[in-house]
Student: 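Quick one: the structure is below, and I'll ask about it shortly.
Order of appearance sets the numbers: ligands from 1, and atoms from 1 within every ligand. Side-chain atoms are counted along with the backbone in the values below, which use heavy atoms only and exclude waters and symmetry mates.
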Amino acid sequence: MKLTRFPLTTVAASLTLLFAAGSVSASQFYVQCPEDPDVANPGVEGDLDSDGIIDNDYACIHVVGTDGYNMMADGRRLYTFGFENVTPTAPAQGDTPRELTGVPPDDFMKEMQLGGDQPAPTVVQREGQRWFITLSNFPFTPRPDLFDAHTIHYHGFPNANNFYDGVPEMSLSPNPLASLAYFYNLVDPGTYFYHCHVEATEHMQMGMFANLWVEPRQNQGACATGFGPVDCSGGFDAATPPGSYVFNDGDGSTAYDGEIPLMMITYDGIFHDASENVQPLDFLGMKDDYLMFNGRGYPDTVNPDTQLPNGDTEFAARTNQGNPRAADVANDGQSSAAQKLPSIIDIAAGETFLIRLSNLSTTDILTLQSPAVPMRIVGTGARELMDEGASPNGLDSGLKRHFKTHSATLGGGRTWDILLDTAGVPAGTYFLYVSNLEFLSNNEQDIGGGMTEIRIN
Ligand SMILES: [Cu+2]
């Protein structure tokens, strides 16, 4: 974004124009979501994701890139950018333009404005699937002077070329009221995330990122006679029956019983306020004062509600958060509050729990600490930790380099796959927190910040 200051009258005039134009031209977005060819011609492509079902291998999601508001744990609200899930419940087929599910065209502006979620819609896919994500750009309501593009950058994805990489210097970026359908062939399981790459320092500071991971084929079980569950008539390998694994590990060493994504993000309140108030953005002076897990600071992290209540009527009225939006209700049963994801770790004694940890901070290297429950780190950057020379599918797993620790340090853009082994840990509640002590607060409130609870039952 290039900062442009307008007199207020100009801002008001452009707002009126924008809304007048938008209500007519933006009532439909084009969603690209091809049908699995096996629906029409069974067997033409076969079972790409090896789950035993041949016609479920094409997955689609439709998100809007827009703005919104987040509530900090100390009661301060911050203006944000974000993505909102507007996937039709009945996916569009072919190139037929579809309206958003349940959203009458006349309500389109109300549905979209200030709808950005924090984090953006979580995406879970299976290795082998074909994945389409359509990104539509809905302009910023309080900032009609801005005309920023947005993109989807699938961080860590081995793109064959730059076209769908989302780096604006090298690929397409949909402008306001435009849409772009991205396509990915999911070949590598692991923990990723996606974020907007336009003016990345600004748009990521403002909140445009989401959890994303790809489940391995081994979840369907690996055959006793070789890798792959396509024909396991000879039985499953005893070490890798159908279940939940982080990777195609070949030996069951990344099996887990429960999982959550844990995205560590930080906000600079002064920067967010300056963005809302049309003031110069101090990139050089960026100093984040809020740390959140999945968009919430402690104690909101352990609020089990999938929707964060805020009890601020002015906030609710201003952001339309008191009124459920049809698109939100259709997609996740929630109304339009932005911070939907708790990060409580609930686990039975003796079980293994997976944390898909990522750091999306634009300013800080962060350390996650688990003093009581040992961490076993099995992967980073969507790769299992093992010696060079091991086969990519894990069949010849070579020497594993999993390691045990009580803390994990990662800079922005990194991911760790962490297994919490609860064997021998007494039942109880334990803390999981960042040991960057300035982030164990919510700005001026000296409790909270980057902390959640591990509850062993
Ligand atoms: Cu953006």
Student: State, to the nearest 10 degrees, the angle whose vertex is the Cu ion (ligand 1) and whose arms point to SG of Cys196 and ND1 of His150.
Tutor: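 About 130° at the Cu ion (ligand 1).
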Student: Using a strict 4.0 Å threshold on nitrogen-to-oxygen distance, state whether Arg217 and Asp49 make a salt bridge.
Tutor: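 So Arg217 does not pair with Asp49 through a salt bridge.
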Student: Could you tell me whether Asp273 and Arg76 have a side-chain N and a carboxylate O separated by less than 4.0 Å?
Tutor: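 Yes, charged N to carboxylate O under 4.0 Å.
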Student: Which angle, to the nearest 10 degrees, do you find at the Cu ion (ligand 1) between ND1 in His203 and SD in Met208?
Tutor: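 Approximately 100° at the metal, rounded to tens of degrees.
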Student: Where is the tightest heavy-atom contact between Arg414 and Phe193, given as atom of each residue plus distance?
Tutor: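 Shortest heavy-atom contact: O-CE2, 4.2 Å.
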Student: State, without any angle test, whether Asn436 and Asp364 hold a side-chain donor-acceptor pair at a distance under 3.5 Å.
Tutor: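 Not at all, the side chains of Asn436 and Asp364 share no donor-acceptor pair under 3.5 Å.
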Student: Taking both backbone and side chain into account, is any N, O or S atom of His197 nearer than 2.8 Å to the Cu ion (ligand 1)?
Tutor: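 No, outside the cut-off.
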